[in-house]
S.K.: 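Structure in structure tokens, see below.
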Amino acid sequence: VYNSAFMHMIMNEENRKYRDLITNTLEFEPEILKRYVNFMSNPDEETAIKQFGTEDKYFGTFILMITLPGLPMIAHGQIEGYTEKYGMEYRRAYYNESPNQWLIDRHRREIFPVLKKRYLFSEVYNFWFFDFHDNAGYINENVMAYSNGYGHERALIFYNNKYDSAFGKIYNSAPKLVQGENDKYLKHISIGEALSIKNDGKYFYIFREAISGLEFIKAGNEFYNDGFYIELQGFKYKVFMDFREVY
């Protein structure tokens, strides 16, 4: 299913609507998320560069696209930064454009390493979506926060789709329909459970932020007692991966 809602809502910063789309789907049937083809442009739309620019909003949306369940679709000429609208009826390009090397290099640094881990993000079994609570306790609808994983690997993603800065924590997931022994039921889990972390102060977890390359350490019981705190400037994003346990 071509999910044009992704492109339009994220571009227009209709963040509450898009969050509702995900949370309502998780409550109704999470498997639907795997059917979505998410994209930033297609032959009927303006190019991704014209719609999202070439700065943080473009790259934040790209990170969102490749870390959500389903299938990410990268448009023709998107990596190179081409601005000509294309169509399947076109026999050739009409603009004389050259690849934007700066843009390609930033894709190589920030996008491609995450894209190589696509197996962590494509399924919904370990996908959990979180409310982002600001310092006053209110939910900030502009921040997309979710975790996913495969096997023993886990990842945690944040993206602030607004120019305003965001400060706050995530604690428990939005409800998700899961299969029980006899029937399906709605389930919430904590961020510690979502990341397969032990609620024990003797266990520490070292993890890496993929964009900056920085590593962090946090005690297991901190995830349960304090949630996960983060600060995000406008249109900034964080991808935490490579969680490893140390006793």
S.K.: Can you name the closest pair of heavy atoms from Val143 and Ala166 and give their distance?
M.R.: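 Shortest heavy-atom contact: CG2-CB, 3.7 Å.
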S.K.: Counting only N and O atoms by type, is there a donor-acceptor contact under 3.5 Å from the side chain of Asp20 to the main-chain atoms of Asn24?
M.R.: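 No.
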S.K.: Would Arg19 and Phe129 count as a cation-pi pair here, with the cationic atom under 6.0 angstrom from the ring centre and within 45° of the axis?
M.R.: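 Because its charged atom misses either the 6.0 Å distance or the 45° angle limit, Arg19 does not stack over Phe129.
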S.K.: If we ignore angles and hydrogens, is there a donor and acceptor under 3.5 Å between the side chains of Asn161 and Asn15?
M.R.: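 Yes.
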S.K.: So do the side chains of Ile22 and Leu26 get within less than 4.5 Å of each other, counting heavy atoms only?
M.R.: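 Yes, side chains in contact.
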S.K.: Indicate yes or no: at least one non-hydrogen side-chain atom of Phe62 is less than 4.5 angstrom from one of His107.
M.R.: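 Result yes, sub-4.5 Å side-chain heavy-atom pair found.
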S.K.: Starting at CD of Glu45, measure out to CG of Asn42 and round the result to the nearest 0.5 Å.
M.R.: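 Here the interatomic distance stands at 5.0 Å.
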S.K.: Taking C-beta and beyond as the side chain, do Gln78 and Met73 meet within less than 4.5 Å on heavy atoms?
M.R.: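 No; the side chains remain at least 4.5 Å from each other.
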S.K.: Step by step, would you call Lys117 with Glu153 a salt bridge (Lys or Arg N to Asp or Glu O under 4.0 Å)?
M.R.: CA-CA 10 Å; Lys117 291 280 191 177; Glu153 290 187 72; 3.0 Å; yes
S.K.: Determine whether Val239 and Glu209 make a side-chain contact, defined as any pair of heavy atoms from C-beta on separated by less than 4.5 Å.
M.R.: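 Answer yes - side chains close enough.
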S.K.: Among Phe52, Tyr58, Tyr159, Phe59, find the one that has a side-chain contact (heavy atoms from CB on, under 4.5 Å) with Phe235.
M.R.: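 It is Tyr159; the other options fail the test.
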S.K.: Measure the shortest side-chain to side-chain distance between Ile170 and His133 over non-hydrogen atoms and say whether it is less than 4.5 angstrom.
M.R.: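 Contact flag for Ile170/His133 side chains = no.
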S.K.: So which heavy atom on Gly81 is nearest to which on Leu103, and how close?
M.R.: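 Scanning both residues completely, I find the closest heavy atoms to be CA-CD2, 3.4 Å.
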S.K.: Ignoring hydrogens and angles, state whether a donor on the side chain of Tyr237 or Glu110 is under 3.5 Å from an acceptor on the partner side chain.
M.R.: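 The answer is yes; a qualifying pair exists.
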S.K.: For Tyr163, is the OH atom crowded, meaning more than 12 foreign heavy atoms sit under 6.0 Å from it?
M.R.: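 No - once you tally the heavy atoms of other residues, nucleotides and ligands closer than 6.0 Å, there are 12 at most.
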S.K.: On the ring face of Tyr203, is Lys198 found with NZ or CZ under 6.0 Å from the centre and within 45° of the axis?
M.R.: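 The answer is yes, since Lys198 meets both limits relative to Tyr203.
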S.K.: Just do the salt bridge (Lys or Arg N to Asp or Glu O under 4.0 Å) check on Glu29 and Lys184 with the steps written out, would you?
M.R.: CA-CA 10 Å; Glu29 179 48 75; Lys184 291 185 175 182; 3.1 Å; yes
S.K.: To the nearest 0.5 Å, tell me how far Arg244 CZ sits from Ile206 CD1.
M.R.: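 Spacing of CZ (Arg244) from CD1 (Ile206) equals 5.0 Å.
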S.K.: Between Phe130 and Ala194, which heavy-atom pair has the shortest distance, and what is it?
M.R.: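 Closest approach of Phe130 to Ala194: CZ-CB, 3.8 Å.
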S.K.: Could you list the donor-acceptor pairs under 3.5 angstrom formed by side chains in residues 1-13, with sequence neighbours left out?
M.R.:
from, atom 1, to, atom 2, distance (Å)
Asn3, ND2, Asn38, OD1, 2.8
Asn12, ND2, His8, O, 3.1
Glu13, OE2, Lys57, NZ, 2.9

S.K.: Would Asp134 and Asn140 count as a side-chain hydrogen bond (donor to acceptor under 3.5 Å, both in side chains) here? Give the steps.
M.R.: CA-CA 6 Å; Asp134 65 20; Asn140 185 336; 6.0 Å; no
S.K.: If the test is ring pair (Phe, Tyr, Trp, His ring centres under 6.0 Å), which one of Phe207, Phe216, Phe204 qualifies with Phe243?
M.R.: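 That would be Phe207.
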S.K.: Walk me through it: do Ser41 and Gln51 pass the test side-chain hydrogen bond (donor to acceptor under 3.5 Å, both in side chains)?
M.R.: CA-CA 8 Å; Ser41 178; Gln51 296 191 93; 4.6 Å; no
S.K.: With no hydrogens and no angle check, do the side chains of Tyr185 and Lys187 hold a donor and an acceptor under 3.5 Å apart?
M.R.: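 The criterion, which ignores hydrogens and geometry beyond distance, is not satisfied for Lys187 and Tyr185.
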S.K.: Identify the residue among Thr25, Asn126, Leu33 that makes a side-chain contact (heavy atoms from CB on, under 4.5 Å) with Pro69.
M.R.: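 Checked Thr25, Asn126, Leu33 against Pro69; only one passes side-chain contact (heavy atoms from CB on, under 4.5 Å): Leu33.
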S.K.: Could you check whether any side-chain N or O of Glu222 sits under 3.5 Å from a backbone N or O of Ala219, counting only pairs where one atom can act as donor and the other as acceptor?
M.R.: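 Yes, Glu222 side chain to Ala219 backbone: donor-acceptor pair under 3.5 Å.
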S.K.: Near Tyr150 OH, under 6.0 Å, is it more than 12 heavy atoms from other residues, nucleotides or ligands?
M.R.: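 Counting other residues, nucleotides and ligands, OH of Tyr150 stays at 12 neighbours or fewer.
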S.K.: When you compare the side chain of Ile217 with that of Glu215, does any pair of heavy atoms fall below 4.5 Å?
M.R.: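 Glu215 vs Ile217: side chains apart.
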S.K.: Any link between Phe132 and Leu195 through a network of hydrophobic side chains (Ile, Leu, Val, Met, Phe, Trp, Tyr) touching at under 4.5 Å?
M.R.: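 Yes, Phe132 and Leu195 fall within the same hydrophobic cluster.
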S.K.: Closest heavy-atom contact between Arg208 and Ala210?
M.R.: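 Residues Arg208 and Ala210, closest heavy atoms: NH1-CA, 3.6 Å.
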S.K.: Of all the heavy-atom pairs spanning Tyr224 and Ser190, show the shortest one and how long it is.
M.R.: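 Smallest interatomic distance, heavy atoms only, reads CE2-OG, 3.5 Å.
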S.K.: Decide whether Phe112 and Phe121 are clustered together by the hydrophobic rule: side chain heavy atoms of Ile, Leu, Val, Met, Phe, Trp, Tyr closer than 4.5 Å, transitively.
M.R.: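 Result: yes, single cluster for both.
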S.K.: Can you get from Ile230 to Leu214 by hopping between Ile, Leu, Val, Met, Phe, Trp and Tyr side chains that sit under 4.5 Å apart?
M.R.: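 The answer is yes; both residues are in one hydrophobic cluster.
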S.K.: Are there over 12 heavy-atom neighbours, none belonging to Arg16, within less than 6.0 Å of that residue's CZ?
M.R.: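 Atom CZ in Arg16 is not packed in, count stays at 12 or less.
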S.K.: Side chains of Phe228 and Tyr171, heavy atoms from C-beta outward: is any pair under 4.5 Å?
M.R.: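 No; the side chains remain at least 4.5 Å from each other.
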S.K.: Would you say Tyr36 and Ile74 are hydrophobically clustered, going by side-chain heavy atoms of ILVMFWY under 4.5 Å?
M.R.: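 They do share one cluster, since a chain of ILVMFWY contacts under 4.5 Å joins Tyr36 to Ile74.
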S.K.: Compare all side-chain heavy atoms of Tyr146 with those of Phe127 and state whether any distance is below 4.5 angstrom.
M.R.: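 A side-chain contact under 4.5 Å exists here.
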S.K.: Looking at Glu231 and Phe167, would you say the former's side chain and the latter's main chain have a donor-acceptor pair under 3.5 Å?
M.R.: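 Judged by distance alone, no pair lies under 3.5 Å.
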S.K.: So, using side-chain hydrogen bond (donor to acceptor under 3.5 Å, both in side chains) as the criterion, who are the partners of Lys34 when residues are at least two apart?
M.R.: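 In terms of side-chain hydrogen bond (donor to acceptor under 3.5 Å, both in side chains), with neighbours along the sequence ignored, Lys34 is linked to Glu31, Glu123.
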S.K.: Are Leu71 and Ile79 co-members of a hydrophobic cluster defined by side-chain heavy atoms under 4.5 Å apart?
M.R.: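 Same cluster: Ile79 reaches Leu71 through Ile, Leu, Val, Met, Phe, Trp or Tyr contacts under 4.5 Å.
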S.K.: Stepwise, does the side chain to side chain contact (heavy atoms under 4.5 Å, CB included) test hold for Lys169 with Asp226?
M.R.: CA-CA 8 Å; Lys169 294 181 178 183; Asp226 305 327; 4.2 Å; yes
S.K.: Between Met241 and Leu120, does the side chain to side chain contact (heavy atoms under 4.5 Å, CB included) criterion hold? Intermediate values first, please.
M.R.: CA-CA 10 Å; Met241 296 193 296; Leu120 292 176; 4.0 Å; yes
S.K.: Looking only at heavy atoms, what is the nearest atom pair of Pro72 and Ile66, with distance?
M.R.: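 Minimum heavy-atom separation between Pro72 and Ile66: CB-CG2, 4.1 Å.
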S.K.: Can you tell me how far apart CD (Glu181) and CG (Asp183) are? Round to the nearest 0.5 Å.
M.R.: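 Atom-to-atom, Glu181:CD and Asp183:CG are 11.5 Å apart.
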S.K.: Measuring from Thr23:OG1 to Phe28:CZ, what's the distance to the nearest 0.5 Å?
M.R.: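 Thr23 atom OG1 to Phe28 atom CZ measures 14.0 Å (nearest 0.5 Å).
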S.K.: Is there a side chain to side chain contact (heavy atoms under 4.5 Å, CB included) between Tyr82 and Glu84? Walk through the geometry before answering.
M.R.: CA-CA 6 Å; Tyr82 292 161; Glu84 181 179 8; 5.6 Å; no
S.K.: Please assess Leu186 against Lys176 for the test side chain to side chain contact (heavy atoms under 4.5 Å, CB included), listing each intermediate value before the final yes or no.
M.R.: CA-CA 5 Å; Leu186 290 175; Lys176 172 183 166 184; 5.9 Å; no
S.K.: Before accepting this row, confirm whether a basic side-chain N of the pair Arg106/Asp56 lies closer than 4.0 Å to the acidic partner's carboxylate O.
M.R.: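 Yes, this pair counts.
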S.K.: Could you measure the distance from the OG atom of Ser212 to the NZ atom of Lys238? Nearest 0.5 Å is fine.
M.R.: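 If we round to the nearest 0.5 Å, Ser212:OG and Lys238:NZ are 5.5 Å apart.
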S.K.: Roughly how far, to the nearest 0.5 Å, is the CG atom of Leu232 from the OG atom of Ser165?
M.R.: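 That separation rounds to 9.0 Å.
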